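To start, the structure under review is shown below, and the notes come after it.
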Amino acid sequence: MLDINEIRKNSSGVITILAKRGEDFSDKIGQIKKMDSLWRSDLLEMEEIRREKNTVSEEIGKLKREGTDTSEIIAQMQEVSLREKEIKKKVDETRAAIDREMLMLPNLPEDSVTAGNKIVREEGEKKKYDFEVLPHWEAGKILKIIDFEKAAVLSGSQFPLLCGEGALLERALISFMLDVHIEQHGYLEIMPPYLVREESMIGSGQFPKFSEESYVTVKDGLSLIPTAEVPLVNMVRETILSADELPLKYTAFTSCFRREAGSYGQDTKGLIRNHQFNKVELVNITTREDSSRAHSELLAESEKILKLLQLPYRVLELGSDDMGFAAAKTYDLEVWMPGEKKWREVSSCSNCLDFQARRINARYRTAEGEINYAHTLNSSGLAVGRIFAAIVENFQTGEINVKIPEVLQPYMKGRKIIKRPDSTG
RNA sequence: GGAGGGAUGGCCGAGCGGCUUAAGGCGACGGUUUCGAAAACCGUUGUGUCCUUUGGGCACCGUAGGUUCAAAUCCUACUCCCUCCGCCA
């Protein structure tokens with residue numbers, strides 16, 4: 001949520017910055033501003049009435065104790081009380097309308113962020129192949145480690161089903177990623193719930209705007225998490241942290257669930273865009289002074305996984321028109337897929353500044369006793385299914401076997417290669 | 001799913017509808033004392049919001065309504081936690 005003071009003080013500035021997202025918010029901001037000044041004048045009136053009520057009520061108590069007749073003054077106060085009720089209703093309604101609108105406004109992109117994605121750098125080397133690398137879904141089928149037909153029978157299209165060494169590879173990747181973040185980057189591992197309340201989805205910014213994207217249970221109205229960012233960020237809901245315990249660094253492996261409404265027909269093959277996928281997520285909660293440093297660190301931590309897996313990738317700085325709702329600045333990591341011959345996003349590393357913290361009321365107290373909103377950051381560390389696909393393509397051999405990257409071998413019971421079941425060698 | 005019990009400040013814990021702007025204790029912080037410390041004593045001790053901001057007002061006792069001139073206190077609904085029974089990985 002944006003700071004309403006910014007809209008009061010400099011609404012045209014807010015409109016200009018939001019316009020970088022490619023949407024015109026001038027009507028909405030104007031409306032909010034109008035409602036806000038109405039709210040404030042009504043609030044003033046209501047508080048004046050309450051002040052009168054409080055003093056007179058106290059007076060009545062005294063008079064009654066003295067045995068004085070108070071029926072006249074009570075009759076007067078009945079009128080006042082009625083008036084208070086009316087104006088309170090109006091104040092509450094206006095406030096609710098303001099909040100509704102405020103929740104629909106996306107975060108302000110940072111000054112440095114402009115339209116259009118920028119390639120920051122490329123890391124690792126694309127291997128040369130003296131054969132045609134198959135896309136992972138074809139190789140996966142031959143290797144009998146992915147079975148989309150079975151998945152479709154169970155759940156419909158765009159669900160993954162891994163078997164045998166495929167399932168083992170997925171599990172190995174999860175353990176490997178978690179271990180790196182826990183042991184080398186100082187993260188606390190969390191296993192959060194996959195079903196969360198509506199407030200949690202609002203808190204991290206998925207709701208109310210993107211409710212179409214989520215699976216919601218019929219009886220209890222709980223949402224399946226689209227990312228572990230949701231439970232991890234909400235861990236500090238309604239808390240005042242102490243500055244010296246920051247940054248908090250949380251990591252979690254979870255499955256993620258997305259309806260992908262409106263993206264039918266895109267990436268229909270393979271593990272790239274599924275309704276359910278696995279991800280290891282990183283979330284940092286920190287101070288406003290520290291968040292920029294934390295952002296670079298987070299990016300490096302996500303990159304570390306790609307480096308260790310020896311996958312070629314590039315770093316993108318996302319343009320203001322392409323960033324997520326809650327983000328002020330975002331880097332994407334894209335891995336090279338030699339089978340598809342495409343760069344594919346495997347991590348999105350965002351600084352949300354105090355945008356989410358305002359929604360969940362997460363604050364910290366400085367050594368001087370000042371209370372500020374915390375800053376929240378998140379990064380995929382990484383999207384497991386897409387890395388699975390990247391390995392199947394990047395480490396493919398001419399015989400359509402898949403070599404296991406060295407760092408993963410201990411997690412694969414020492415296996416060095418996944419061989420096609422019909423191979424002779 | 002059924003039956004009970006509960007929710008008050010950082011924590012514990014009082015609180016017959018008006019003398020509660022929430023008692024008392026613990027903790028924390030500051031001070032007195034001391035060579036220093038402990039103890040003792042004294043003091044301070046939440047969050048938010050609005051305004052005409054050296055100041056003032058309003059709100060907050062799980063949440064939302066209601067009754068009343070007046071609600072932590074009475075009524076209704078809900079949420080969460082605990083105990084037990086049943087079912088269950």
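Everything numeric here is computed off the predicted structure, so don't read it as measured data. Residue numbering restarts at 1 for every chain, and letters A, B, ... go by the order of the sequence lines.
The separation of B:rC82 from B:rC41, taken at their P atoms, amounts to 39 Å, rounded to a whole angstrom. Comparing the same atom, C1', in B:rG24 and in B:rG62 gives a spacing of 24 Å after rounding to whole Å. Remark: the separation of the C1' atoms in B:rG65 and B:rG56 is 31 Å, to the nearest Å. With both ends at atom P, the span from B:rA64 to B:rC69 equals 23 Å, rounded to whole Å. Only the P atoms considered, B:rU33 is 16 Å distant from B:rC42, to the nearest whole Å. As rounded to the nearest Å, B:rG13 and B:rG25 have C1' atoms that lie 8 Å from one another. One P atom belongs to B:rA23, the other to B:rC50, and the distance between them is 28 Å to the nearest Å. Using atom P as the reference point in both B:rG6 and B:rG15, the two lie 13 Å apart (nearest Å).
Heavy atoms of A:K64 sit under 4.0 angstrom from at least one base atom. At a threshold of 4.0 angstrom between heavy atoms, the contacts of A:L43 are confined to the sugar-phosphate backbone, with no base atom among them. Residue A:R83 is out of contact with every strand shown, counting any heavy-atom pair closer than 4.0 Å. Contact annotation for A:R95: no contact, since no heavy-atom pair falls under 4.0 Å across all strands.
Look at A:N54 and you won't find any side-chain N or O under 4.0 angstrom from OP1 or OP2 of B:rA70. A close approach under 4.0 Å does occur between a side-chain nitrogen or oxygen of A:K85 and OP1 or OP2 of B:rU67.
In this structure, B:rG10 and B:rC26 make a Watson-Crick or G-U wobble pair, each of the two defining distances being under 3.5 angstrom. Across the strands present, B:rG1 finds its partner in B:rC85; the criterion is a Watson-Crick or G-U wobble pair with both atom distances under 3.5 angstrom. In this structure B:rC78 sits in a base pair with B:rG62, meeting the Watson-Crick or G-U test at under 3.5 Å. Nucleotide B:rC41: paired with B:rG31 (Watson-Crick or G-U wobble, both distances less than 3.5 Å). Nucleotide B:rU49 forms a Watson-Crick or G-U wobble pair with B:rG57, both donor-acceptor distances falling under 3.5 Å.
Here the options are A:L178, A:V280, A:L309, A:N278, the test is side-chain contact (heavy atoms from CB on, under 4.5 Å), and the partner is A:L173; only A:L309 passes. With A:H136 as the fixed residue, the side-chain hydrogen bond (donor to acceptor under 3.5 Å, both in side chains) test singles out one of A:Q396, A:K269, A:R386, A:E393: A:E393.
Using a cutoff of 4.0 Å between basic side-chain nitrogens and carboxylate oxygens, A:R293 and A:E297 are scored as salt-bridged.
One atom, CE of A:M46, and another, C1' of B:rU49, lie 10 Å apart when rounded to the nearest Å.
In this structure, the nucleotide among B:rU49, B:rU47, B:rA70 sitting nearest to the side chain of A:I371 is B:rU47. With B:rC50, B:rC58, B:rG65 as the candidates, the nucleotide lying closest to the side chain of A:R50 is B:rC58. Side chain of A:L44, nearest nucleotide from B:rC58, B:rU47, B:rC51: B:rC51.
A donor and an acceptor atom never sit less than 3.5 Å apart when one is taken from the side chain of A:E58 and the other from the base of B:rG18.
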